[in-house]
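Contents: one structure, followed by commentary.
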Amino acid sequence: MDLEILIENVLNAITAGITIGCIYGLMCIGLGLIFGIMRIVNFAQGELLMLGMFASFYLVTGGKVLSFLGPYWGPFVGAICAGPLIFAGGALLHKFLISRVSGLRTAGSLDEGHYGQLIVTLGISLILQNGGQILFGSTPVAVRTPLSAEAYLVGPVYGAATVFLNKAKLIAFFVAILVAIVLYLTLEYTRLGKALRAAADNPTAATYMGIEVDTAYRIAFGLGAGITAIAGGLMATYISFGPFVGFDYVIIMYSGVVLGGMGSILGAFWGGLTVGFVQQFSALILPPQLQNAAIFVVFLMIVLLRPQGLFGRSAERA
Amino acid sequence: MRQGTGPQLRRNLTALAVVSVAYLMFTIFVTNSYYQLILTMVPVWALFGVSWNILSGYGGQLSFGHASFFGIGAYTVTLTVVYWGLSPWLGILLGMILGGLAAIAIGTPTFRLRGHYFALSMLAYPLAILYVLQYLGFQEISIPMHRGNPVAFMEFSEPRVYTLIAVCLLVGGVLVSLVVESSRFGLALLAIRQNELAAEAAGINTRQWKMRSLVVSGMLAAVAGGFYARVLLVVTPDSVFGMLVSAQAVVVTLFGGVASVWGPLIGAAILVPLAETLQAELGTYLPGIQGVVYGVAIIGIMLLSPDGLFWTVRDRWFRQKTAAPVPDLMPMSPPARPVSAHAGAPLLKVENLSRAFGGLKAVSEVSFSIAEGEILGIIGPNGAGKTTLFNVLNGVLSPDEGSARLAGQQMLGRKTFEVCRMGVGRTFQVVRSFPRLPVLDNVIVGAYGAGLSDRDAIASAVRALHQVGLQDESGVAAGQLTNKQLRLMELARALAGNPRLLLLDETLAGLGREECDGVLKVLARLREQGMTICIIEHTMHAMMRLADRFVVLDHGRVLATGLPRAVVEDTSVIEAYLGKKWLARQNA
């Protein structure tokens, strides 16, 4: 009996790790664009995720703009729609605030402008969280779909051990993978994607190549924001959230991006997946309140034990 | 005490006395108990800002998780009253000790990180503690009353007494901050903030100073938190470990003026009443208004005057009259160098040194030696491994194999500042100065690094400035110097530690012909005084005039060694520099 329970728990942790991990992977890609490639330290990325959740919530449950789609399709279409909305928000944020402490203005300064970025995005994060409390209230909400209470059963695999696949998470997982693939192909194979990567990687050189760096930056930052927002919209189908939800995830995102290696979209995805896996497995041993604490420990271990990921362009000339 | 800080310290102490007395006078006229509470909170948050300022303002180690220490103080006071019936006075003291210990526990792993990774990691600690406390069931604890002994349990019917205590705690914190600012502690922190590697190469044990600043900072933060808990009587994990708490320290300090004693005070005096009043007036309709105010304040200040109000106001209306007067010390003659009996014996002996980056062998089996009093030129095309060689020699990089001995003592495997203290001075290819500090302070950093006392350090720095001919610029901020002057200042910083060997990395880079001649004269004079120099250089003509001997590197290997004449006629050297085809054409 005990063995059956153990096997059931482990199998379910694996499947939950894969599904949730891939959604985390998508979320990390958003930060990967901003932090890994553009090298902008964005402290407010968790709040962009929160905005994505609320955008989806107001489209589907609150404002009922998408309620004609029904409770099955609506939440997922809402999540996708959160992308362009937060993309626009992110681009505006970049135009008015972020661009003043990043990009060409700070290229070549001693810390690449990270100090200013940390401070400004800390301010943005405070405004979005607390402003969110004013706008959305502090009672947790959720994007309601009957799917989050339904599961596909696989098995019994061993004895009575059965794998439960939560339908909401499963569909969110497929949507996340689809979005990640589309984004990857766009960045890798289109002209726009190449320009974005070039501008983000080395703004000065990109200017010489005739790329409009400011525009490229705004698009890249908006993309990073939009992608994370889509992940937020997907998560909104299976968790409840309030305006302060961002903090729990900002650390997860940085863990994923650093773990995956800076500057790589695929790496960020794998990093997020790994962190999701670790989180789900920690649930086997730890009480639920301590799972987030476990993530912080994992984050510290990653930044401490992977020095190659630590110092960014580590080949600093002395 | 550091040179030139005496009068400033006296001015600051006077101002501190005047401000605190005026503040207390003001509180006498306030009768509304809510405003009295705000008046108590201003010094508490100011003290928290002062604590943050010591680590993150002076030392530049941005911490987004100072709530760790604040919360430890708050929970120590609360739990000791609840479970042991301990007096909050002792509770604050205990919290202070625990805050210091927590600083050591947190700093030990986290100081391996730099910049934004440090900032993000610091954020993780209070959040992790928060979840653990929630798990342990310490959600909301209130401090019970002990009517028997009101003084011991800080139970005063007169609310202004709390304000008085808060002001006294703040004055204590400011005094600590002033002591830090006007001692070598503060100079070391400023140097670390502006350029950590340069500070390390100048002999400053950066890790140790950072740790000390975190411990001092953590203790002060715990005091602020402990008193806060006693005044509010209720603690929850969110109210003392939450993000808004950490942010408050950052915001009041940056708003008021970073790396200034007055910054946190100004910031707290403006922002705390503003945010509290708005919260009280509008809190029911706009529940997060406090956080929004802090967010707007911090973004505004970062975009409009990144150093904070204090500095902006000072720069605009109180232009610094003249720079601090240079101490009137006669330059002492260079310390009598023990003229070794066996002059000409190798001072530095490098054997079989290698260092690879992945598959690229940047330095490969390099051996050479430098005799005492010699100038050795290291030349080679770009990417030959010259700078990597220096980085390995002074401990910035670790070697893969090989040895390097300075007068018989192994140099490798030591930290950068230790190599400096063995008597190896270093300058950098791209000048690493402390741009905001005056030239003299820049150079004094080097002297402190060598472990000199305050008086000797100043004397040594002045002497070094005379040696390079910068004595007239000693009061100018390093950021205003010309390229040549910067190069000379960096040289003086290396000289101030009385080195036996100087490693100069492209000291002439980017200089015009005449400037170049000026620096060469200084170097030639140093040689006459018996200094041993190892110099990396591209410009051949300058090296031909200066160096006694050449070592030529190419692709990480020693290509040739010998007298300058012989080396420049060596065909393999010409080939490395100008290519095979050029050589073939010349010969044809």
Side-chain angles (χ1 to χ4, degrees), chain A residues 35 39 41 43 96-97 100-101 110-112 114-135 137-138 243-244 247-248 250-251 254-255 258 286-297 299-301 303-304 307 309-312 315-318, chain B residues 60 62 64 109-110 112-117 119-121 123-125 127-132 134-135 194-195 197 201 242-244 247 250-251 254 285-303 306 357 387-388 390-391 394 396-397 426 428-430 432 505:
Chain A
F35 177 61
R39 307 251 157 197
V41 185
F43 199 77
F96 290 110
L97 294 176
R100 304 183 59 172
V101 286
L110 206 58
D111 69 339
E112 299 179 69
H114 285 152
Y115 177 80
Q117 290 155 18
L118 274 170
I119 302 298
V120 167
T121 55
L122 171 71
I124 294 173
S125 155
L126 286 174
I127 293 177
L128 290 179
Q129 276 177 8
N130 295 285
Q133 202 185 343
I134 295 174
L135 288 178
S138 45
F244 293 93
F247 264 130
D248 294 340
V250 75
I251 296 281
Y254 275 97
S255 315
V258 175
L286 290 175
Q289 296 101 317
L290 288 187
Q291 274 178 41
N292 280 319
I295 289 289
F296 297 145
V297 175
F299 172 71
L300 286 175
M301 305 241 293
V303 286
L304 287 171
L310 286 190
F311 305 116
E316 176 191 25
R317 293 272 283 186
Chain B
L62 209 53
F64 279 180
T110 321
R112 289 175 56 188
L113 307 172
R114 289 182 200 190
H116 49 290
Y117 283 106
L120 287 168
S121 304
L123 170 73
Y125 293 103
L127 295 181
I129 299 176
L130 192 149
Y131 286 118
V132 171
Q134 281 178 352
Y135 169 67
Q194 299 192 21
N195 199 322
L197 183 55
M243 183 55 211
L244 202 55
V250 183
V251 176
L254 285 182
Y285 318 104
L286 308 172
I289 186 73
Q290 199 181 7
V292 176
V293 170
Y294 286 134
V296 172
I298 201 177
I299 294 178
I301 209 74
M302 195 65 221
L303 297 182
F357 296 106
T387 296
T388 307
F390 271 20
N391 282 345
N394 86 328
V396 176
L397 296 171
R426 155 111 198 238
F428 293 92
Q429 193 173 358
V430 179
R432 287 175 180 267
D505 195 348

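Below, chains carry the letters A, B, ... as their sequence lines are ordered, and counting in each starts from 1.
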Exercise for review: List the steps and the verdict of side-chain contact (heavy atoms from CB on, under 4.5 Å) for Tyr115(A) and Met302(B).
Suggested key: CA-CA 10 Å; Tyr115(A) 177 80; Met302(B) 195 65 221; 4.1 Å; yes
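- Residues passing the ring pair (Phe, Tyr, Trp, His ring centres under 6.0 Å) test with Phe43(A), sequence neighbours excluded: Phe64(B).
- Among the candidates Ala247(B), Ser121(B), Gly60(B), the residue making the largest number of heavy-atom pairs closer than 4.5 Å to chain A is Ser121(B).
- For the atom pair CG of Leu300(A) and CG of Leu113(B), the computed distance is 8.0 Å after rounding to the nearest 0.5 Å.
- Side-chain contact check for Leu286(B) versus Asn130(A): every heavy-atom pair is 4.5 Å or farther apart.
- Considering only heavy atoms from C-beta on, Phe96(A) stays 4.5 Å or farther from Leu303(B) through its side chain.
- Contact of Val41(A) with chain B is made through the side chain alone, with heavy-atom distances under 4.5 Å.
- Under the 4.5 Å side-chain criterion, counting only non-hydrogen atoms from C-beta, Gln290(B) is not in contact with Leu126(A).
- At a 4.5 Å heavy-atom cutoff, Leu135(A) makes no contact with chain B through either its backbone or its side chain.
- Only the side chain of Leu290(A) comes within contact range of chain B, with at least one heavy atom under 4.5 Å from a heavy atom of that chain.
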Review point. Is there a side-chain contact (heavy atoms from CB on, under 4.5 Å) between His116(B) and Phe35(A) once you walk through the steps?
Key: CA-CA 11 Å; His116(B) 49 290; Phe35(A) 177 61; 3.4 Å; yes
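- The environment of Phe247(A) atom CZ is dense: over 12 non-hydrogen atoms of other residues, nucleotides or ligands sit within 6.0 angstrom.
- Interatomic distance, OH of Tyr135(B) versus CD of Gln291(A), reported as 12.0 Å (0.5 Å rounding).
- Heavy atoms of Ile119(A) lying under 4.5 Å from chain B belong to its backbone as well as its side chain.
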